[in-house]
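Whatever order the structure lists ligands and atoms in, that order sets their numbers, starting from 1. Since we're looking at a predicted model, the values are computed, not measured.
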Amino acid sequence: MKPIQGLHHITAVAGDPQKNVDFYHHLLGQRLIKRTVNFDDPGTYHFYYGDEIGTPGTIMTYFPWRHVQPGRKGNGETAAVAYTIRPEAVGFWQSWLSKNGVTSGPVETRFGADVLPFEDPDGMSLELIVSDAPATLRHWEAGPISEPHALKGFHGVTLWLDEVEATAAVLTGPMGYQFIGQEGARYRYKGASNDIGLYVDLLHRPGQAPAQFGAGSVHHIAFRTVDDAEQGEYQLALRRAGLGVTPVRDRQYFHSIYFREPGGVLFEVATDAPGFLYDEPVAELGTHLKLPPWLEEHRPKITQALPPFELKPIVKAQ
Ligand code: ZN
């Protein structure tokens, strides 16, 4: 069986949908590539952001729940999401974030690379990590950020855990990740490709409080697999490792299996196919409310229940 290549998408909870769109699409330059609903709760939007076409390893997704309480970071959850930027982009991001009222923290060094931390409007921790590594993605030319400064897909995630051993065993066992180093309480694992979305960091925080789920919390992280056949092999291997893995679920743009890793974080393995061009051409991605066939008959009721939001004209960052 092939080791897992890296991250496919990350799904989190937001509060206000307009603030979420303003921040990710207009400020970070992550194109809204799909507007649909939570298939398990169709009264809620499901927004997908990514590069121009939603390449796996760039996809950040949100359930905006207007009335949800703020979450609190803690153990058993993904506590930070990191994107890659090129070394020359650090100053640009400090200035662009500041111009838009977003306070970034001091630049830190982690495993020899600069890290610029800040938060999204719901308090979710984001990091921009400097790297020259390859990033096979499609830049959103019409977006606000020029190519040299643009985010180059996910660098990785940081999980906060009470214990790291059991989680590490799942990563390095059935998932095929490699341990590549430790820095203080941080243990880094790398997926098998040399491209985007490669890293999972485990932060050992024994005895610290568990996370409280809410706005700004990551709901789950998804790892990529090429197709249904390979996904079936992971499903079998993960079950053999004693994990409770769900049956395959049809998420329209990919097929998914889910399991909770021993540290409490919800993991998913999602297929690259069929992708986001399945029901919209590139130019129209994210501009229509798309529903899966089984929800289409309820479209009037669903549309009525969803709060309005708008995509504004793109302002190019200076
Ligand atoms: Zn997912």
Taking the ring of Tyr83 and the ring of Phe154, is the distance between their centroids below 6.0 Å?
yes

Can the ring centroids of Tyr177 and Phe223 be said to lie less than 6.0 angstrom from one another?
yes

Strictly by modelled atom types, are Thr11 and His220 linked by a side-chain donor-acceptor pair under 3.5 Å?
yes

Using 30° and 60° as the class limits, which term best fits the ring planes of Tyr24 and Tyr62: parallel, tilted or perpendicular?
tilted

Does one hydrophobic cluster hold both Phe111 and Tyr199, with members joined at side-chain heavy-atom distances below 4.5 Å?
no

Counting only pairs under 3.5 Å, give me each side-chain donor-acceptor contact of residues 273-281, with atom names and distances, residues two or more places apart or in other chains.
unit_1, atom_1, unit_2, atom_2, d
Asp279, OD1, Lys34, NZ, 2.6
Asp279, OD2, Tyr253, OH, 2.7
Glu280, OE1, Lys34, NZ, 2.8
Glu280, OE1, Gly286, N, 3.2
Glu280, OE2, His288, N, 3.4

Number of protein N/O/S atoms less than 2.8 Å from the Zn ion (ligand 1)?
3

